[in-house]
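Below: one structure, written as C-alpha cells.
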Amino acid sequence: MAVEPEAFRDFFGSVPTAVAVVTTVGADGRPLGFTCSAFSAVSLDPALLLVCVDERSRTLPALLGSEVFALHLLAAEGGEELARTFAGRSDRKFDGLAWRHGESVPSSPVLREGVLAHAECALESSVRAGDHRLLIGRMERVLVREEARPLLYRRGAFTAWEAAPVAETAVEAVTARVGARA
C-alpha cells in the first residue's frame, strides 16, 4: 500500500529543514528561481550537491538548458521574504532584489541579501525520480556568511535557528579534562 500525499507531507513536515532558493537563467537571459527545501550534500571529492525540482516547475527547463544554477541557503534575517517571493509563480521575482552574476559561473544569478551562503554550480547530471528531477551540481564556488543565522521551516512556519546554549557545567568539565592532560 502506497503512502498517501498527506502522510508524506506530515512525515517530512515534522522535521525542521533549512530553506534555500535555487536560481538560474532562462534562454532569454532573464533570471529565474524557486524556493527549495529538498537539497543535500552528495560528494566531497568532487564537491557535489543535489537539488530536487518538481517536474512541473517553470524553472526546470531553464535549469536543464543553461546547465548552471546557484543554491542559496537563506538567512533568518531577510530570508523569509525571499522564500515567500520565490515560492510564488510570478515572472517578476527578481524585481527590486539585489543580485549579481556569479563569479565562477557567470551566467548564474546570485542573490546578495537575505542569504546565509551560496554555491555556484554547473549541472553534472539529471535523474528523473517520481514527480521530481534530481539535479546534481558540481560546486564551483562557495561563499558563507559566518555571522548569519539559518532560516528554518517546519509545518508551514518559518523560524530562525537558535543555537542551544552550552551548559556551563559541560564547558567546565571539558576544560578540566583538557587541563588535566596538559
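For the numbers below, each heavy atom of this structure counts, side chains included, while hydrogens, waters and symmetry mates do not.
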Q: Dump the intermediate steps for salt bridge (Lys or Arg N to Asp or Glu O under 4.0 Å) on Arg58 and Asp91, then the final yes or no.
A: CA-CA 10 Å; Arg58 297 180 337 178; Asp91 290 332; 2.8 Å; yes
Q. Are Leu32 and Phe86 close enough that some pair of their side-chain heavy atoms sits under 4.5 Å apart?
A. no
**Q.** Val110 side chain reached by His72 side chain, heavy atoms, under 4.5 Å
**A.** yes
Q) For Arg100, does the CZ atom sit with more than 12 other heavy atoms under 6.0 Å from it, leaving out its own atoms? A) yes
Q: Compute whether any side-chain donor of one residue and acceptor of the other, for Ser66 and Thr24, lie under 3.5 angstrom apart.
A: yes
Q: Quick one: closest heavy-atom pair of Arg149 and Trp161, and the distance?
A: CD-O, 3.8 Å
Q.
Tell me the closest heavy-atom pair linking Gly79 and Leu74, and the distance in Å.
A. O-CD1, 3.3 Å
Q) Looking at CG of Leu63 and OG of Ser57, how far apart are the two atoms once the value is rounded to the nearest 0.5 Å? A) 7.0 Å
**Q.** Side-chain touch Phe34/Val53, heavy atoms, less than 4.5 angstrom
**A.** yes
Q | Between CZ on residue Arg84 and NZ on residue Lys93, distance to nearest 0.5 Å | A | 14.5 Å
Q: Count the heavy atoms of every other residue, nucleotide or ligand shown that sit under 6.0 Å from CD of Glu6, and state whether that count exceeds 12.
A: no
Q.
Same cluster or not: Leu60 versus Leu123, using hydrophobic residues (I, L, V, M, F, W, Y) connected whenever any side-chain heavy atoms lie under 4.5 Å apart?
A. yes
(Q) If you compare all heavy atoms of Ala75 against all heavy atoms of Arg145, which two are closest, and at what distance to 0.1 Å? (A) CB-NH1, 4.4 Å
Q: Please tell me if the side chains of Val105 and Cys121 come closer than 4.5 Å, counting only heavy atoms from C-beta onward.
A: no
Q: Find out whether Val22 and Phe39 are in side-chain contact, i.e. whether some heavy atom of one side chain is under 4.5 Å from a heavy atom of the other.
A: no
Q: State, with a plain yes or no, whether a side-chain heavy atom of Glu140 is found less than 4.5 Å away from one of Glu103.
A: no
Q. Can you find a heavy atom in the side chain of Leu135 that is under 4.5 Å from one in the side chain of Leu64?
A. yes
Q: Determine whether Phe94 and Val19 fall in the same hydrophobic cluster, where Ile, Leu, Val, Met, Phe, Trp and Tyr are linked whenever their side-chain heavy atoms lie under 4.5 Å apart.
A: yes
Q. Between Ala119 and Val142, which heavy-atom pair has the shortest distance, and what is it?
A. CB-CG2, 4.1 Å
(Q) Check for me, please, whether Val21 and Trp99 land in the same ILVMFWY cluster - side-chain distances under 4.5 Å, paths through other members count. (A) yes
Q) Looking at Gly137 and Phe69, what are the two nearest heavy atoms and their distance? A) CA-CZ, 3.8 Å
Q: Say whether Leu134 and Leu48 are linked into one hydrophobic cluster, either directly or through other cluster members, by side-chain heavy-atom distances under 4.5 angstrom.
A: yes
Q.
Measuring from atom OG of Ser108 to atom CZ of Arg141, what distance do you get when rounded to the nearest 0.5 angstrom?
A. 11.5 Å
Q: Examine distances only and state if a side-chain atom of Glu120 and a backbone atom of Met139 form a donor-acceptor pair shorter than 3.5 Å.
A: no
Q.
Side-chain heavy atoms nearer than 4.5 Å, only ILVMFWY residues, links allowed to pass through others: does that put Leu151 and Leu111 together?
A. yes
Q | Glu81, CD: over 12 other non-hydrogen atoms inside 6.0 angstrom | A | no
Q) From Ser126 OG over to Arg133 CZ, what is the distance, rounded to the nearest 0.5 angstrom? A) 4.0 Å
Q: Identify the heavy atoms of Val51 and Cys36 that sit nearest to each other, and give their distance.
A: CG1-SG, 3.9 Å
Q) Do other residues, nucleotides or ligands put more than 12 heavy atoms under 6.0 Å from Arg155 CZ? A) yes
Q.
Counting C-beta onward and ignoring hydrogens, is there a side-chain heavy-atom pair between Arg154 and Thr159 closer than 4.5 Å?
A. no
(Q) Tell me if a side-chain donor or acceptor on Ser37 pairs with a main-chain N or O of Thr17 at a distance below 3.5 Å. (A) no
